[in-house]
Protein chains: 2
Amino acid sequence: MDKQTITIYDVAREAGVSMATVSRVVNGNPNVKPTTRKKVLDVIDRLDYRPNAVARGLASKKTTTVGVIIPDVTNLYFSSLARGIDDIATMYKYNIILANSDENEQKEVQVLNTLLAKQVDGVIFMGNKITEELRAEFSRSRTPVVLAGTVDPDEQVGSVNIDYEAATKDSVEMLLANGHQKIAFVSESHEDPINGQYRLSGYKQALKAASIAYDEELVIQSEYTYKVGDAVFEQLTKAGATAAVVADDELAVGVLNAALDRGLSVPEDFELITSNNSKLTEMTRPQMSTVVQPLYDIGAVAMRLLTKLMNKEETDEKTVKLPYHIEGKGTTK
Amino acid sequence: MDKQTITIYDVAREAGVSMATVSRVVNGNPNVKPTTRKKVLDVIDRLDYRPNAVARGLASKKTTTVGVIIPDVTNLYFSSLARGIDDIATMYKYNIILANSDENEQKEVQVLNTLLAKQVDGVIFMGNKITEELRAEFSRSRTPVVLAGTVDPDEQVGSVNIDYEAATKDSVEMLLANGHQKIAFVSESHEDPINGQYRLSGYKQALKAASIAYDEELVIQSEYTYKVGDAVFEQLTKAGATAAVVADDELAVGVLNAALDRGLSVPEDFELITSNNSKLTEMTRPQMSTVVQPLYDIGAVAMRLLTKLMNKEETDEKTVKLPYHIEGKGTTK
DNA sequence: TCAGTAAATGAAAACAATTTCAAACAGTTT
DNA sequence: AAACTGTTTGAAATTGTTTTCATTTACTGA
């Protein structure tokens, strides 16, 4: 009736050894005589014993699972990071509990709490803003946290990303070099330091260096979805923009298509650089020029960093900046 | 030094009650006098007590987490399902452990085993073929399993999908109605029953009804990636196809772009229907005609079904087929 | 042969909850 | 006042491991 589970106790009894010895065998502890090891292994095989990870977690205080907070798995930028995270996690024998937050501050805090209740060994956070409440939770629990593709201006927790400021500056400079004067900057809310602080600053620097006045009209805040592309393009047109730096690929596709649907030629009539180098950039026609971020690697490196923190290994740097470059494709001349 | 954790024991002591009573309060058991409940709640609040989910899991044999095996999070089709799964899981207080399998049979089995070792309360499997080994594991553990967007011809485990056979038949018929004679069918390996059995059968039925001979040249097996689109289109050209039904959106974009890059007009010179209705279908120009699958819902319903199985509730049907329809967009006349 | 050391083993105590079962209590009914 | 009922409560067992610490065994060199 009930699924009778084989426990370490059954194995011990059958093999005529103590639970401790079985535990040692299972965990690869070298202090077991080869003959005993073989005996135990045989019984394990015969009974088809599988250690119960929950009991293990309770006894050892390690669950070998890490929590991953992601705004939306359906967003290619984040899912690419997630893939890198999972691969490295698997490599180090961890599993990931994935939780969508929709970048909703309440959900983020709530999800973090349930992850901590589940005793995850570490957390990888993707999002935008680290609210005070979130930071408080981070430091209250002694669980290591690493941000992936997310910045913490205070650098209190580990993080992996690229230099958004420089990348944006480079993007704008490329458009400037192509002769544009009215270059727009489109991103999500400036409350997120990644946009309001870093990217915006890069944008301003480039303009300043070219002695072009900052025009608020050209700076647009919008959600990162395909469907708002049309409305955003309307605004761009109204502001007289002839080129734009867009902070999200999906939105960039929306803007690009809005331009094309209006009969414009890209890049002849309008130029565009996007920011994430997700698969989308090569799927559009023309293909989108983009900041090439090593998405998979950001996730992978973040997870690797987390493993170090979980093992209390020494780490050179808690904040790592990965290289990027700008790749001109079809949406710039 | 060590993070001193507050346990149920601390709460009991401080509140002057037994652990059992604290447990009752935490779990909302009604058999607690209101005054006691308040007293306990106050202490919980004061000590900031959080129940340890691992200990809970061990004692109650329920982890409130389900395992989700996904081929690749980075594939929009699957990530859309995953989003539906997670939302419903959250609604029912479950968390998901997500594991990428790359549709690799070995990885699938291995991942399933670690999920079971972690005592997940249920498993949602996305993939293609249910190998014998996998099925054996499914039935050996008494853990409920539901397939999402995946078929099991034997209908031994629960599953949620659409009628792939009919959908493919409809797609082909639409192309037939547009006057095509040489219609190709492009999918992944026919070893997957979803392709080799259902979709292919739908394809054949439509041809037969139109008295068109089945031509092997027109049936192409290929991986589901964007980058092979070019090679696939070459094959299509060689076989003289003037239209195609493609089983994956990403691949469909590749094929579409290959056609466009060769200077063809779509749908004038070549027609195409894709199968997943992911975001991609509206991002291309022209937009892709597609089988409209309720992606999010497939995931959501699968998870809902799983909750029923986990609670041993009666379920009307273990196999549910969701409705679909064909939406003609820009790649068909 | 015997001490000294290292390797191998086991008993029992954690780990932090839930669950079972019996006892205490309170409120009715006779 | 006793008997009966149902609600609250707590003691102790249970869950399946790991870990600590003591003990036994095996081996080495004097």
Side-chain angles (χ1 to χ4, degrees), chain A residues 2-41 43-44 47-65 93 114 116-121 141, chain B residues 2-41 43-44 47-65 93 114 116-121 141:
Chain A
D2 239 3
K3 91 173 131 175
Q4 34 124 137
T5 43
I6 310 291
T7 73
I8 197 173
Y9 180 80
D10 299 316
V11 177
R13 180 171 31 74
E14 288 291 311
V17 299
S18 73
M19 291 161 52
T21 300
V22 177
S23 175
R24 288 192 188 96
V25 170
V26 169
N27 293 292
N29 184 315
N31 283 3
V32 181
K33 207 162 52 166
T35 60
T36 340
R37 182 189 307 282
K38 170 132 183 24
K39 194 169 55 178
V40 172
L41 250 17
V43 174
I44 286 179
L47 300 188
D48 197 20
Y49 164 70
R50 315 280 181 95
N52 178 323
V54 173
R56 259 186 172 175
L58 183 59
S60 68
K61 293 175 169 305
K62 294 207 156 70
T63 53
T64 64
T65 106
K93 312 281 184 206
T114 90
L116 294 176
K118 294 217 166 163
Q119 313 295 119
V120 293
D121 297 335
S141 84
Chain B
D2 239 4
K3 88 173 134 174
Q4 35 125 137
T5 44
I6 310 292
T7 72
I8 198 172
Y9 180 80
D10 299 315
V11 176
R13 180 172 30 73
E14 287 293 309
V17 299
S18 72
M19 289 161 54
T21 300
V22 178
S23 175
R24 288 190 188 97
V25 171
V26 169
N27 292 292
N29 184 316
N31 281 4
V32 181
K33 210 161 51 166
T35 59
T36 331
R37 181 187 309 280
K38 169 129 185 28
K39 194 168 55 179
V40 172
L41 251 17
V43 174
I44 286 179
L47 301 188
D48 197 20
Y49 164 72
R50 315 278 180 100
N52 178 322
V54 173
R56 254 185 177 177
L58 183 59
S60 68
K61 294 178 169 304
K62 294 207 155 72
T63 54
T64 63
T65 106
K93 313 280 184 207
T114 90
L116 294 176
K118 294 215 167 166
Q119 314 294 118
V120 293
D121 296 336
S141 84

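Bear in mind the structure is a predicted one, so any value in this text is a computation, not a measurement. Letters A, B, ... mirror the listed sequences (proteins, then strands); counts begin at 1.
Dashed line: the shortest gap from a side-chain N or O of A/S18 to OP1 or OP2 of C/dT9 is not under 4.0 Å. Between A/T5 and D/dG16, a side-chain N or O to OP1/OP2 separation shorter than 4.0 Å is present. Dashed line: the shortest gap from a side-chain N or O of A/N31 to OP1 or OP2 of C/dT9 is not under 4.0 Å. A sub-4.0 Å separation between OP1 or OP2 of C/dA17 and a side-chain N or O of B/S60 is absent. For C/dA17, neither phosphate oxygen OP1 nor OP2 lies less than 4.0 angstrom from any side-chain nitrogen or oxygen of B/S23. Proximity of A/N52 to the phosphate of D/dT15: no side-chain N or O atom is located under 4.0 Å from OP1 or OP2. One finds a side-chain N or O of A/Y49 lying less than 4.0 angstrom from the OP1 or OP2 phosphate oxygen of D/dT17.
Side-chain contact check for A/V25 versus A/L41: some heavy-atom pair is nearer than 4.5 Å. Under the 4.5 Å side-chain criterion, counting only non-hydrogen atoms from C-beta, A/T64 is in contact with B/K118. In this structure the side chain of B/T36 reaches within 4.5 angstrom of the side chain of B/V17, judged on heavy atoms.
The side chain of A/A55 sits closest to D/dT17 out of D/dG10, D/dT17, D/dT18.
Note: NZ (A/K33) to P (D/dT25) measures 10 Å, nearest angstrom. Computed from coordinates, the A/N29 CG to D/dT17 P distance equals 17 Å when rounded to whole Å. Between the C1' atom of D/dG16 and the NZ atom of A/K61 lies a distance of 16 Å, rounded to the nearest Å. Atom OH of B/Y9 and atom P of C/dT18 are 17 Å apart (whole Å). Distance B/L58 CG to C/dA14 C1': 13 Å, rounded to the nearest Å. In this structure, B/M19 places its CE atom 7 Å from C1' of C/dA16, rounding to the nearest Å. The nearest whole Å value for the distance from the CZ atom in A/R56 to the C1' atom in D/dT19 is 14 Å. Atom C1' of nucleotide D/dT15 and atom CG of A/D10 are separated by 13 Å, given to the nearest angstrom.
Evaluation of atom-type donor-acceptor distances gives no pair under 3.5 Å for the side chain of A/R50 against the base of D/dG16.
With A/I8 as reference, A/M19 is the one residue of A/R13, A/R56, A/M19 to meet the side chain to side chain contact (heavy atoms under 4.5 Å, CB included) rule.
When the nearest nucleotides of DNA chain D are assigned to A/R24 and A/T7 by heavy-atom distance, the more 5′-ward of the two goes with A/T7.
A/V17 comes within 4.0 angstrom of the backbone, heavy atoms only, and of no base.
B/T114 and A/K93 share no donor-acceptor pair across their side chains, judged by distance under 3.5 Å alone.
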